Amino acid sequence: MPDAKPSNPSTSAPQSSPDASPPRPPNFIEQIVEADNRPGPSGAPRWGVWTRDDAGPVDAPGPAGDAARARLGKPRVHTRFPPEPNGYLHIGHAKSITLNHGLAAKYNGRFNLRFDDTNPAKEEREFVEAIKSDLLWLGADFNPETGANAGGVFWASDYFAQMYEWAEELVRKGRAYVCSLTADEVSKRRGTPQVPATSPDRDRPIEDSIRLLREMRDGKHPDGAYTLRAKIDLASPNFNLRDPVLYRISHAEHHNTGRKWCIYPMYDWAHGFEDSIEGITHSICTLEFENHRPLYDWFIDSVNVGRHGGPALRAGLSTASTPAPGPDAPPSWGPRIHHAQQIEFAKGSLTYLVTSKRLFLRLVREGLVRGWDDPRMPTVAGFRRRGYTAAAIRDFWTEVGVTKTESLIDYSRLENTLRDHLNKQTPRRMGVLRPLKVTIENYPDGGPEGKTEHVELVNNPENPAAGMRTAPFGRTLYIERDDFMEDPPKKFFRLAPGAEVRLRGAYWIRCERVVKDAAGDVTELICTYDPQTAGGESPPPDAEGKVRKVKATLHWVSAAHAVPAEVRLFDRLFNAEEPGKRTGEPADDLNPNSLEIIERAMLEPAVLEDLLDYAARATDLRSLRSKSVPPTDGPTSSDAEPAPFNPATIAGITWPDAIPRYQFERLGYFALDPDTDLAAPTPRLVFNRTATLKDEWAKQAAKG
RNA sequence: UGGGGAUUGGUGUAACGGUAGCACGAGUGACUCUGACUCACUUAGUCUAGGUUCGAAUCCUAGAUCCCCAGCCA
């Protein structure tokens, strides 16, 4: 394979594009990381170095162990992706994953998957499994046994007890209090930018607050009766600091902790501690949390009041290096806890799509799409099913870069990155979407079905090593309806009455006559072929030395050997550049023609042969079965861990996710859909069109 | 109205007081057994107004525009 050239064996990051693009300058976050990694005034990197305690499986064999050993003594870089399991991941999340996992890979750090499950009302098990599966597909391995940069899977709910202790600590330090206001009252008393908020219970005695907090925890009070609030600044122009709620009462069943808790921490209270406990160094989030950073800092600082130890100590880790408080030290709450640095970056929006979980939920529930993984959905699962490659999505976000500038990116940029990848990799095959029958009247008759020749075709012109295949050719063929025009405009150089074209790899044919049905529609073309053009070669020069030329080469399928398949064609889900801009409701801009199903496309037989061959030796049949992804929302009963994706070689190309992909010549890139059933007596093939090829003719035709 | 961010060709991004560059797109042409790919050329930008400086996208002042914040969501 030509792309097997030596490609940067030093990094363990998932390698993407086959050819190396010019090196990008480091983005602003990488610049921060690199500055942190340089020795500071103390001679050590800002976040210290990896030790046997936190470097990962240093004694394990294999790549994960190798990476862990290589990490020892090197500057710590520890990132995380913290989704709430309340929906499927979308293309925007992929940016965060690419960034966070990419940072860990680039600096041989570690990357955690952490479920931010602090709100039992909205979270479901199904989403947990879907998110894990999406991360694995994207190449962000979180399992420390297999992923070189994996830090593990964590749950905010595992930290509830620790967070609760810190909450009591803040009360005792006079920095939090139990408030009896209702949600409505708090809202009314919030004030305005100029007018401070008011809160009647701020000066509740510490012991009262402690008692009430414990009663809240122990289920003595109904939902909404009390909250725990931080005592910060009711007049702050930053509303987040106007005594934010830390805990609310909720007698709800949590998907992880069941009925153990009836108070749940608010995101703001929980998030900084989650990073702290896990020893996250760079806590990367989106711009809207910039206003919250002072709050997170205040929480950690408040816990650290009266504590001792180095500034970069991490909770939950060995405190051996913590200097013991001296005899004259004030009462200590324990060693100081770790304080991650939050860095905010801008989300990237794409034209013609939206990333709103609320809208996704509606589309799925109302049946406007065929599930979370509908190939039209901007979910990671949707892109996967559509046939996008994880490498293309990663490369796209890397090319777009990371900044603090809000951007609206042309969707075509994502599509172009995808085409780049697919062009270099996909095997070529021929398929006809809308068959038009062609009979070659001067082609020899060799029996009931005519004579059959086997023509040789190149599998991928971009990749000579992909080799050749043969395709049967006969007297009766199908060509694409769009490749014939009875009354063509000047610039149309495909087939027309009297015109001559090449059939790829086979012969040149000339259209002699047109057969029509009663309605006047063309049903068949009667053509002749030139035996001197075998293999598609030009015929020898004529008597005057002139060589005949054709301008078009068409794809075709032998009617006697064609394999029928269902093909699903997609147009954009929304037909407005910014859905919802017009009316405020994105659903108003839904494209009613976003899905077109071709029930009986005709494919060259090599496709079925490839797939049967793969099915016979496949260990990972996810892409060949319809049960691979839950088709609708709603909880599933299965608690099974999503299996890692096993690479599979299909038609000579190895796909990390085992999804068979092709370029059907001149039509675009296609991926096998899980609705496919190869085990049926008559195999059922279903393909999704991932993307079209660029089409100069369509552009011209549109111009008129 | 208060606070927090942002602003460089059509799009995305770089330049960190010293030649405004890169990628994608678009246009033109070449090549072509995919109207694909590839190749060549072209196109077009520092939000505005002042100031500092030998020199400003970069520093200062004033303004404009856009995004975020008054959930017991995250």
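The sequence lines fix the lettering, A, B, ..., with proteins before strands; numbering per chain opens at 1. Note that the structure is a prediction, hence the values are computed from the model and not measured.
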Considering every strand and a 4.0 Å limit on heavy-atom distances, what is the contact class for [X]: base, sugar-phosphate, or nothing?
X: Q194(A); value: base
X: S538(A); value: nothing
X: R419(A); value: nothing
X: G224(A); value: base
X: P461(A); value: base
X: N416(A); value: sugar-phosphate
X: E577(A); value: nothing
X: H555(A); value: nothing
X: Y264(A); value: nothing
X: L408(A); value: sugar-phosphate
X: E665(A); value: base
X: T118(A); value: sugar-phosphate
X: F493(A); value: base

Looking at R494(A) and rG35(B), is any side-chain donor or acceptor paired with a base atom of the opposite kind under 3.5 Å?
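Counting by modelled atom types and ignoring angles, a donor-acceptor contact under 3.5 Å is found here.
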
Tell me whether the side-chain N or O atoms of E399(A) pair up with the base of rU13(B) as donor and acceptor below 3.5 Å, since no angle test is needed here.
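It does not, because no donor-acceptor pair links the side chain of E399(A) to the base of rU13(B) below 3.5 Å.
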
Under 4.0 Å from OP1 or OP2 of [N]: is there any side-chain N or O of [X] that close?
X: K699(A); N: rA26(B); answer: yes
X: K122(A); N: rC72(B); answer: no
X: S187(A); N: rG71(B); answer: yes
X: R24(A); N: rU13(B); answer: no
X: R248(A); N: rC73(B); answer: yes
X: K694(A); N: rG35(B); answer: no
X: T405(A); N: rU7(B); answer: yes
X: R413(A); N: rA26(B); answer: no
X: S412(A); N: rG25(B); answer: no
X: T192(A); N: rU1(B); answer: no

Do R293(A)'s NZ or CZ and the ring of Y296(A) fall within the cation-pi criteria of under 6.0 Å and 45°?
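No, R293(A) and Y296(A) do not form such a contact.
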
Within 45° of the axis and under 6.0 Å from the centre of the six-membered ring of Y352(A), does NZ or CZ of R572(A) qualify?
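Verdict for Y352(A): a cation-pi partner in R572(A).
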
Could you let me know what [N] is paired to, Watson-Crick or G-U wobble, both distances under 3.5 Å, or none if it's on its own?
N: rG27(B); result: rC41(B)
N: rG2(B); result: rC69(B)
N: rU53(B); result: none
N: rG12(B); result: rC22(B)
N: rU34(B); result: none
N: rA62(B); result: rU48(B)

Syn/anti label of rG71(B) as read from its glycosidic torsion, with the cut at 90° from 0
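rG71(B): syn.
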
Of residues 341-355 of chain A, the positions that come close to RNA chain B - non-hydrogen atoms, cut-off under 4.0 Å
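When residues 341-355 of chain A is checked for heavy atoms under 4.0 Å from RNA chain B, there are no hits whatsoever.
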
Suppose you measure atom [atom1] in [N] against the same atom in [M]; what distance do you get, rounded to whole Å?
N: rG17(B); M: rC59(B); atom1: P; answer: 9 Å
N: rG51(B); M: rG12(B); atom1: P; answer: 32 Å
N: rC16(B); M: rG9(B); atom1: C1'; answer: 22 Å
N: rA23(B); M: rU8(B); atom1: C1'; answer: 15 Å

Between E123(A) and T533(A), which is nearer to the 5' end of RNA chain B once each is assigned its nearest nucleotide?
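Between the two, 5'-proximity favours T533(A).
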
Nearest-nucleotide 5' precedence on RNA chain B, F239(A) against Y267(A)
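Checking each residue's closest nucleotide, the 5'-ward one belongs to F239(A).
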
Aromatic plane relationship, W261(A) with Y164(A) - under 30° parallel, 30 to 60° tilted, over 60° perpendicular
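Y164(A) vs W261(A) ring planes: tilted.
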
Min side-chain heavy-atom separation T118(A)-W269(A) under 4.5 Å:
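A side-chain contact is absent here, since even the closest heavy-atom pair is not under 4.5 Å.
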
Salt bridge present between K122(A) and E84(A) (N-O < 4.0 angstrom):
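Looking at E84(A) together with K122(A), the answer is no, because their closest N to O distance does not fall below 4.0 Å.
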
One pair to check against side chain to side chain donor-acceptor pair (under 3.5 Å): S538(A) and R548(A). What are the steps and the verdict?
CA-CA 7 Å; S538(A) 296; R548(A) 230 160 75 227; over 6 Å; no

